[in-house]
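For reference, the structure is listed below as structure tokens.
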Amino acid sequence: MAAATQDGRTFGSPDAAVRLVLKANRNIWLLIEDGKGNRVATQLLNKGDVFRVPNKPGLVATVQDGGAITYIIDGVEKGVLGQPGAVLAAESLDLKKLEEKV
């Protein structure tokens, strides 16, 4: 179930301690898996929707356009997950690796 916000809907973990949030810059399909290839989430996000990533180690994302997803750590927008138009397969959602991208 999604909660509506002013900009879009919110999906994912209800945990208040979530540190990583992914925001759709356009309509996009998102797949999140654990390190063993088990699906954690499959979600179609519309522009403005956000996905609160569970605080679990080893998570990876697959999206058809890396430039269509902005990542936010601890409430601070850091950048896009990948290059515009680039397909991302098993892109690490490890906070340390994402912090190094900036």
Side-chain angles (χ1 to χ4, degrees):
M1 181 187 273
T5 67
Q6 183 178 9
D7 296 325
R9 301 167 296 167
T10 300
F11 298 93
S13 177
D15 185 353
V18 164
R19 297 190 61 207
L20 176 62
V21 175
L22 302 177
K23 182 175 182 179
N25 301 323
R26 67 173 182 82
N27 295 355
I28 191 98
W29 174 80
L30 171 69
L31 169 65
I32 296 178
E33 296 176 312
D34 66 15
K36 297 178 182 179
N38 298 310
R39 286 187 179 176
V40 173
T42 302
Q43 189 66 55
L44 178 62
L45 300 174
N46 294 323
K47 182 178 180 179
D49 288 351
V50 296
F51 188 88
R52 296 168 45 86
V53 179
N55 293 329
K56 294 181 180 178
L59 296 181
V60 296
T62 298
V63 296
Q64 74 267 31
D65 181 352
I69 297 279
T70 298
Y71 64 99
I72 301 161
I73 299 174
D74 296 330
V76 178
E77 189 173 305
K78 297 292 187 171
V80 292
L81 204 52
Q83 294 296 317
V87 174
L88 302 181
E91 180 75 14
S92 176
L93 296 178
D94 178 83
L95 290 174
K96 288 182 184 177
K97 290 181 181 176
L98 289 173
E99 286 282 9
E100 292 171 0
K101 280 185 152 191
V102 277

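In this chain, residues are counted from 1 in sequence order. As the structure is a prediction and not an experimental result, all values here were calculated from the model.
Phe11 and Val53 fall within a single hydrophobic cluster, where Ile, Leu, Val, Met, Phe, Trp and Tyr are joined by side-chain heavy atoms under 4.5 Å apart, directly or via other members. Both Ile73 and Phe51 are assigned to one and the same hydrophobic cluster, defined by single-linkage of ILVMFWY side chains at heavy-atom distances under 4.5 Å. Placement of Leu95 and Leu93 within a single hydrophobic cluster is found when ILVMFWY residues are connected by side-chain heavy-atom separations under 4.5 Å, directly or transitively. Under the 4.5 Å side-chain heavy-atom criterion for ILVMFWY residues, a single connected hydrophobic cluster contains both Val40 and Leu88.
Summarising the geometry, atom NZ belonging to Lys23 is positioned 10.0 Å from atom OG1 belonging to Thr10; distances are rounded to the nearest 0.5 Å. Interatomic distance, Asp94 CG to Glu100 CD, rounded to the nearest 0.5 Å: 8.0 Å. Note that CD of Gln64 and CG of Leu31 are 11.0 Å apart. Values are rounded to the nearest 0.5 Å.
Between the Asn55 side chain and the Ala17 main chain, a donor and an acceptor come within less than 3.5 Å of each other. In this structure, Arg52 contributes its side chain and Asp15 its backbone to a donor-acceptor pair below 3.5 Å. Counting only distance, with no hydrogens or angles, the side chain of Lys101 and the backbone of Leu81 share a donor-acceptor pair below 3.5 Å. A donor-acceptor distance shorter than 3.5 angstrom exists from the side chain of Tyr71 to the backbone of Leu98, with no hydrogens or angles considered. Using modelled atom types, no side-chain atom of Asp34 and backbone atom of Leu59 make a donor-acceptor pair closer than 3.5 Å. A donor-acceptor pair under 3.5 Å is formed between the side chain of Asp49 and the backbone N or O of Arg9.
Between Glu99 and Lys78, the closest heavy-atom pair is OE1-NZ, 3.4 Å. Contact between Ser13 and Pro54 at its shortest, heavy atoms only, is CB-CA, 3.9 Å.
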Kindly determine whether Asp74 and Arg19 satisfy side-chain contact (heavy atoms from CB on, under 4.5 Å), including the steps that lead there. CA-CA 5 Å; Asp74 296 330; Arg19 297 190 61 207; 2.7 Å; yes
Derivation of the side-chain contact (heavy atoms from CB on, under 4.5 Å) call for Leu22 and Leu30: CA-CA 10 Å; Leu22 302 177; Leu30 171 69; 4.1 Å; yes
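When each of Asn46, Asp65, Ile69 is paired with Arg26, the side-chain contact (heavy atoms from CB on, under 4.5 Å) condition holds for Asp65 and for no other.
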